[in-house]
Amino acid sequence: MGVILEVKDLKLGFSKKPVLEGVSFNINKGEVFSLVGESGEGKTLLCLSLTKLLPRNTYYSGEVNFYLSDKKINLLNLSGEELRKFRGTKISYIFQESLASLNPFLRIGYQIEEVLIYHKKFSKKPAYLKSLELLKSVGFRNPQRVYLSFPHQISGGEAQRAMIAMALASEPCLLICDEPTSNLDLTVQLQILKLLKTKQEELGFSILFVTHDLSLVEKFSKKLAILHRGRIIEEGETENIFRNPQTEYTRQLLNSVFKL
Amino acid sequence: MIKRILKNKLGLSGLLIVLFMSSLALLAPFITKYEPTSLNIEEALLPPSSKHLLGTDSLGRDLFSRIVYGARISLSVGFVAVGIAVIIGIILGSIAGFFGRVIDAVIMRFTDIMLCFPSFFLILSLVALLTKPSIYLIMVIIGLTSWMGPARLIRAEILSLKEENFILALKILKIPTPTIILKHLIPNALSPVLVNATLGIASAILVESSLSFLGLGVQPPTSSWGNILMEAKSTLGVAPWITFFPGLCILLTVLGFNLLGEAIREELK
Amino acid sequence: MSKNFLIKGEAISKTFKLRRGWQTFFIKALNKVSFLLSEGRILGIAGESGSGKSTLAKILVGLIKPSEGNLIYQGNLLEKGKIQLIFQNPYTSLNPKMRIGKALKEVLYYQGLSSQKGELERIFSLVELPFSLIDRLPSQLSGGQCQRVAIARALASYPSVLILDEPTSNLDVVVSKKIIDNLLRIKQALKMNYIFISHDLGLLSYITEDLLVIYKGKVVEEGPTSDILKKPLHPYSQLLVSSAKRDFSLSLEEDFPEEGCIFRNRCVFKMNICQNQPPLFLKEGRKVACWLYQS
């Protein structure tokens, strides 16, 4: 197993406020890596910064090294045009507000086809068939219905599954999930997590799973890092951290989770 | 919020213009050498000089004094008329928005009827019906014909705010309804009305100037920017400054309020 | 056996009428829900979105009237404003333009109580908020602090019952625990009674003693919290518990039928009899609406 993403000493912030003060971690190929932090810690900004999707007045430094067929590429050094070869293709995203991530004026099917046509150079008919196939593979028993639907016609859980279909359409090496289940019902959360886990085992991509919900992480990912005050204060195997937390903050987090 | 408006260059200019005109009006007695109504035929139609800052009109009255005292008229008509319109609008709009159903329907249909009248002609007709239009009546008439905008804005805000959690919480806490409307709903619904009111002042100033220009507003010898323009019509070729300066004041003041209103609207987005 | 009850609901149903253009839809948010809030015991209501739990909360505090059924309160709890509601989103439950001290004083005033500094200090210390925050606006407070203010405001009316509708769902884990523990201390100090509505089974297991599981407006299981969560009987309760435990070995379905057992299209134990709506059967000290438990 090799490394697919190496973040080295990433510093990030706005003119008056530092957000990340030197974050470093590695994600291996085919690994599920979770990043846990409370709201306002900069988790979303971190996710976006990995492909340089930063707002205008942010400063940043450090390295974000992506390993592609034995080549090491620092994404932070690339220009917009070069980054487009990675964003949405090799590295895909899923966000918290799935309904906000979808274009409300376009049918779901069309939005999935866009990915296939633009990134994978499919032509119209094959794109149509493949998008139906993708919708089926994320658990829709009636992919035609979802294909023809507009985002407001489907539920939050369904929208999240459609997002996963879109993200997987480009066959990414790394899927970055920014709190994908936070707005969903309990049973729907389980559905989405199960889908992600199944797809990950089937297709072998890596997942960076960012959340504030520690209870999600225990059975879902092998490796875990805790983000607090702009730094990674603890990192390692999930099991070890749960059994033997090294820092006060981690202990506090673990104690605050209501166990069943 | 005022600080942020100051950062916006256009808003800042608007605010400065408004403050400038307002201070001119307030300080009128202290900054003018002559009375606005004192005649001096010998000094008629003089161009701007060190003696008469902006020149004199056809009756020898100092134009600067006339304009500065005219600012009082225009600005007070603007503020008071809009004040009346906003108060009527808030009352009707909040009752319609809060109580809904039949009351809302009745008030809104009444508002629609009022909106059907072309406002300026309505004002013209009302003013023409009166034998002697005083400045106070003009303020009231403009106010009575421009409350519809604020009413609809407040009603819309209250309709949506009504269902907000904090209003529901107040109901559960058994806070009396009048208190909820006055202390909680209306203060949170005022923002769009503030924009509307600022722009409305500009509009009211234009209406008053137009009325006075037509001879139906403030009557001479009291000076208003509009009636100075009216009297200047006949001497336009000989003494263009009598037309130019009041016109410039109207332009600047209206521009100032518009810029300020736009800046507030941007701020509230 | 009859302890003092504070609120009793008997077959509460609520149907909403929605008009879209010229079509009228009827949405049955609650369907014959019965429950009992006993003095001193915290009641929990477990439900996901669409279960009707927020509608139930609003009915309990008198904001909405039920379409059918009986709601019985002990004494004049409802008229006197002795039942209060804490909302999910702490920011939208406070007037954004009013300083929190003023908001509290307002409540005290209309309750005919003194709004002296001492009284305010007492309430602030109850919700464990520093008194220095008294002149802040809600936008200047964190989510956790806002929620504490909402609780303080409710306490200022000296309620007997607090209904909490997902009170910590929008808050971070550490802050949530602190607030929940605070609520437990308030219960001790003031002999307060709570109804907790949440989809977080962990939270419900931590704080509630009796539990009602609601699915699409119908009660599917009812009984002591620890019993239900340790050994859930109704398939939906089992699904909730497995989801809370993040158990990936389940399979899940999609559709909900109109008649009969509301859960049957998602249920792995589906039988022919499930075409009919099951009543609540008594089993092992609780009630379950499932044909599997027909005696």
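The sequence lines fix the lettering, A, B, ..., with proteins before strands; numbering per chain opens at 1.
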Nearest-0.5 Å distance, OG of residue Ser51(C) to CG of residue Asp185(A): 8.0 Å
Contacting moiety of Leu240(C), where chain A heavy atoms sit under 4.5 Å: both
Side chain, backbone, both or neither of Lys230(C) within contact of chain A (heavy atoms, under 4.5 Å): neither
Minimum heavy-atom distance Phe258(A)-Ile180(C), with the two atoms named: CZ-CG1, 3.8 Å
Residue Glu202(A) excluded, over 12 heavy atoms near CD under 6.0 Å: yes
Worked verdict on Asn255(A) versus Lys177(C) for side chain to side chain contact (heavy atoms under 4.5 Å, CB included): CA-CA 9 Å; Asn255(A) 282 339; Lys177(C) 175 115 194 315; 5.6 Å; no
Short side-chain to backbone donor-acceptor contact, Glu48(C) and Thr187(A), under 3.5 Å: yes
Lys136(A) NZ: over 12 foreign heavy atoms closer than 6.0 Å: no
Gln189(A) and Ser243(C): side chain donor to acceptor below 3.5 Å: no
Shortest non-hydrogen separation from Ser256(A) to Val173(C) and the atoms involved: CB-CG1, 3.5 Å
Side chain / backbone / both / neither for Asp181(C) at chain A, heavy atoms under 4.5 Å: neither
Atom CZ of Arg251(A) with >12 non-hydrogen neighbours under 6.0 angstrom: yes
Between NZ on residue Lys259(A) and CG on residue Leu201(C), distance to nearest 0.5 Å: 15.0 Å
Heavy-atom neighbours of Lys223(A) NZ exceed 12 at 6.0 Å: yes
Considering all heavy atoms, the nearest His199(C)-Leu186(A) contact: O-CD2, 3.2 Å
